[in-house]
Amino acid sequence: MPGPTTSDLIFSEQANHNFSKTLGELRRSTLSIHNRLLPIQEDAIFAQTVAAAYSRPLIANERCGSWYIDPREEAGSTYFKSIDGHTGVWKFSTRRLNLHLLEIIGKNDGCIIVDYTRRGKRIPDALSKTIPIWCAVVNHLLFPDIIHELHTPPQAVTRSEHPKLLLSYLPS
């Protein structure tokens, strides 16, 4: 039996066209409503599982976080803007104090804030930078005699960025 010929190994123009068409159809099928909503449902179940494991209430960071919490399970909402945590723009927002969280945190020994970020990013800036700055400032104001460290996730905040975040909220 003779071996394959070059024409057997190289796709014809028609085959390449069909292959491109098939890839395009596959790509479009991933954009279906079902395929967009299924990960939200899975993430919502994960958030509820974490809340149950730690016995903490779920708080939605407005807009995106609300998608991931069953309204019957949402203990409240908050509004931390990621822009307050963007590189070089770190600050404590006096426009979005979120002081209503203090009662929830006090009653439950903490809370779980749920948010979302775009594809390719590991964690939203609101969770990795804005909220840690908020916690440090609020702790400093409530407990001025105690030295409070700034805690940030090392996978989202680099070693060189961490001290700059720290300096961003310290009084001058």
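Between Leu150 atom CG and Lys129 atom NZ the span is 11.5 Å, to the nearest 0.5 Å. Rounded to the nearest 0.5 angstrom, Ile113 CD1 and Ile69 CD1 are separated by 9.5 Å. Atoms CG and CG, from Leu127 and Asn61 in turn, are 6.5 Å apart once rounded to the nearest 0.5 Å. With values rounded to the nearest 0.5 angstrom, Leu37 atom CG is found 11.0 Å from Glu42 atom CD. For the atom pair CG of Leu38 and CG of Asn35, the computed distance is 7.0 Å after rounding to the nearest 0.5 Å. Atom CG of Asn139 sits about 9.0 Å away from atom NE2 of His151, to the nearest 0.5 Å.
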Asp115 vs Trp67, side chain to side chain contact (heavy atoms under 4.5 Å, CB included): CA-CA, chis, key distance, verdict: CA-CA 9 Å; Asp115 202 0; Trp67 281 79; over 6 Å; no
Full working for ring-ring contact (aromatic ring centres under 6.0 Å, His included) between Trp134 and Phe80: CA-CA 9 Å; Trp134 181 86; Phe80 289 102; 5.4 Å; yes
Working for side chain to side chain contact (heavy atoms under 4.5 Å, CB included), residues Asp43 and Ile40: CA-CA 5 Å; Asp43 290 346; Ile40 293 172; 5.8 Å; no
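Closest approach of Cys64 and Tyr116 over heavy atoms only: CB-CB, 3.7 Å. Across every non-hydrogen atom of Ser77 and His100, the tightest pair is O-NE2, 2.6 Å. Here the shortest heavy-atom pairing between Ser128 and Ala156 reads CB-CB, 3.7 Å. Residues Ile112 and Ala51 approach most closely at CD1-CA, 3.6 Å, considering heavy atoms.
Residue Ile133 is grouped with residue Leu101 when hydrophobic side chains (ILVMFWY) are merged at heavy-atom distances under 4.5 angstrom, including chains of intermediate members. Taking hydrophobic clusters as Ile, Leu, Val, Met, Phe, Trp and Tyr residues chained together by side-chain heavy-atom distances below 4.5 Å, Ile123 does not share a cluster with Val50.
Inter-residue side-chain proximity for Val138 and Leu102 is flagged as met; some heavy-atom pair is nearer than 4.5 Å. Residues Ile59 and Val114 fail the side-chain proximity criterion, which asks for heavy atoms closer than 4.5 Å. Side-chain contact between Ile104 and Pro57 is present, with heavy atoms from C-beta onward closer than 4.5 Å.
Ring geometry for Phe143 versus His148: interplanar angle of 30 to 60°, hence tilted.
Crowding of Gln155 atom CD: a count of heavy atoms from other residues, nucleotides or ligands under 6.0 Å exceeding 12. Sparse packing is recorded around CD1 of Ile147, with 12 or fewer heavy atoms of other residues, nucleotides or ligands lying under 6.0 Å away. In Leu141, the CG atom is crowded: over 12 heavy atoms of neighbouring residues, nucleotides or ligands sit closer than 6.0 Å.
Remark: the backbone N or O of Arg72 is paired with a side-chain donor or acceptor of Asp70 at under 3.5 angstrom. Within the 3.5 Å criterion, the main-chain N or O of Asp109 finds a donor-acceptor partner in the side chain of Arg56. Formation of a donor-acceptor pair under 3.5 Å by the His140 side chain with backbone atoms of Cys135 is not found in this model. The backbone N or O of Ile45 sits less than 3.5 Å from a side-chain atom of Thr49, completing a donor-acceptor pair.
A donor-acceptor pair shorter than 3.5 Å can be found between the side chains of Thr78 and Asn98.
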